[in-house]
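Structure record follows, encoded as structure tokens.
For clarity, every value in this text was computed on a predicted model and none was experimentally measured. Position 1 is the first residue of the sequence; numbering continues from there.
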Amino acid sequence: MRISVPIKVIIEVSKDGLFSAFMPSNEYGFGLAGYGETEEEAIEDFYATVSETKELEEADGRVFPELQFKFEHAVGYAAPKTASPCVAEKPAKYDVEEQ
């Protein structure tokens, strides 16, 4: 199943400076989230969670949809002064590599 509308993924930074990237909607029966010390690490961890969830869904006999993601900063997002420009603006399409 192909989902053509990109799914919103919110990027937040906590008061202690750690980052999270999460899918606020649970409309597919699973949630996805990633965490890290940088925005880039949180997004990498998010994609690792996507891969793990795909494996679990397929192991249970369910079809995991082909998803596209649109990363957005949370309202009021204030990046630390050391943060690079928003990596969320980079194209974000998830394609599963066949192994």
Side-chain angles (χ1 to χ4, degrees):
M1 166 175 46
R2 179 173 172 75
I3 309 298
S4 59
V5 176
I7 298 167
K8 183 183 350 181
V9 176
I10 303 296
I11 297 173
E12 290 183 328
V13 61
S14 65
K15 290 179 183 179
D16 61 0
L18 297 177
F19 291 80
S20 62
F22 62 93
M23 189 173 83
S25 171
N26 192 16
E27 65 189 272
Y28 301 103
F30 52 82
L32 301 170
Y35 305 92
E37 293 186 13
T38 66
E39 191 171 307
E40 293 87 354
E41 285 179 8
I43 292 172
E44 267 184 44
D45 190 50
F46 177 85
Y47 281 119
T49 301
V50 172
S51 292
E52 292 165 3
T53 303
K54 179 184 186 306
E55 289 176 19
L56 291 170
E57 290 290 301
E58 291 178 348
D60 286 341
R62 292 185 290 272
V63 175
F64 190 83
E66 183 179 333
L67 303 173
Q68 293 182 346
F69 301 105
K70 179 181 179 186
F71 291 87
E72 297 179 8
H73 288 129
V75 174
Y77 177 91
K81 291 180 181 178
T82 58
S84 60
C86 177
V87 296
E89 294 175 1
K90 294 180 182 176
K93 179 177 183 308
Y94 177 74
D95 290 317
V96 177
E97 292 183 26
E98 297 296 322
Q99 296 186 10

Practice task
Please report the closest heavy-atom contact between Ala33 and Thr49, naming both atoms and the distance.
Solution key: O-OG1, 2.9 Å
Practice task
Say whether Phe22 and Val13 are linked into one hydrophobic cluster, either directly or through other cluster members, by side-chain heavy-atom distances under 4.5 angstrom.
Solution key: no
Exercise for the section: Before giving the answer on side chain to side chain contact (heavy atoms under 4.5 Å, CB included), spell out for Val9 and Ile43 the whole-Å C-alpha distance, their side-chain angles and the decisive distance to 0.1 Å. Expected result: CA-CA 9 Å; Val9 176; Ile43 292 172; over 6 Å; no
Practice task
Test side chain to side chain contact (heavy atoms under 4.5 Å, CB included) on Val50 and Phe69 and set out the steps.
Solution key: CA-CA 11 Å; Val50 172; Phe69 301 105; 3.9 Å; yes
Completion exercise
CG of Leu67 to OH of Tyr28, rounded to nearest 0.5 Å, is 6.5 Å
Practice task
Look up atom CD in Gln68 and atom CD1 in Ile7, then write down how far apart they are to the nearest 0.5 Å.
Solution key: 9.0 Å
Completion exercise
One should read off an interatomic distance between Lys70 NZ and Ile10 CD1, to the nearest 0.5 angstrom, of 10.0 Å
Handout entry: Pairing residues for Glu41 by the side-chain hydrogen bond (donor to acceptor under 3.5 Å, both in side chains) criterion, not counting sequence neighbours
Key = none
Problem - Straight-line distance of Phe30 CZ to Lys54 NZ, nearest 0.5 Å - result: 11.0 Å
Handout entry: With sequence neighbours excluded, residues passing ring pair (Phe, Tyr, Trp, His ring centres under 6.0 Å) with Tyr35
Key = none
Exercise for the section: Compare every heavy atom of Phe46 with every heavy atom of Ala21, then report the nearest pair and how far apart it is. Expected result: O-CD1, 3.5 Å
Exercise for the section: Return the minimal non-hydrogen interatomic distance between Gly31 and Met23, and the atom names on each side. Expected result: CA-CE, 4.3 Å
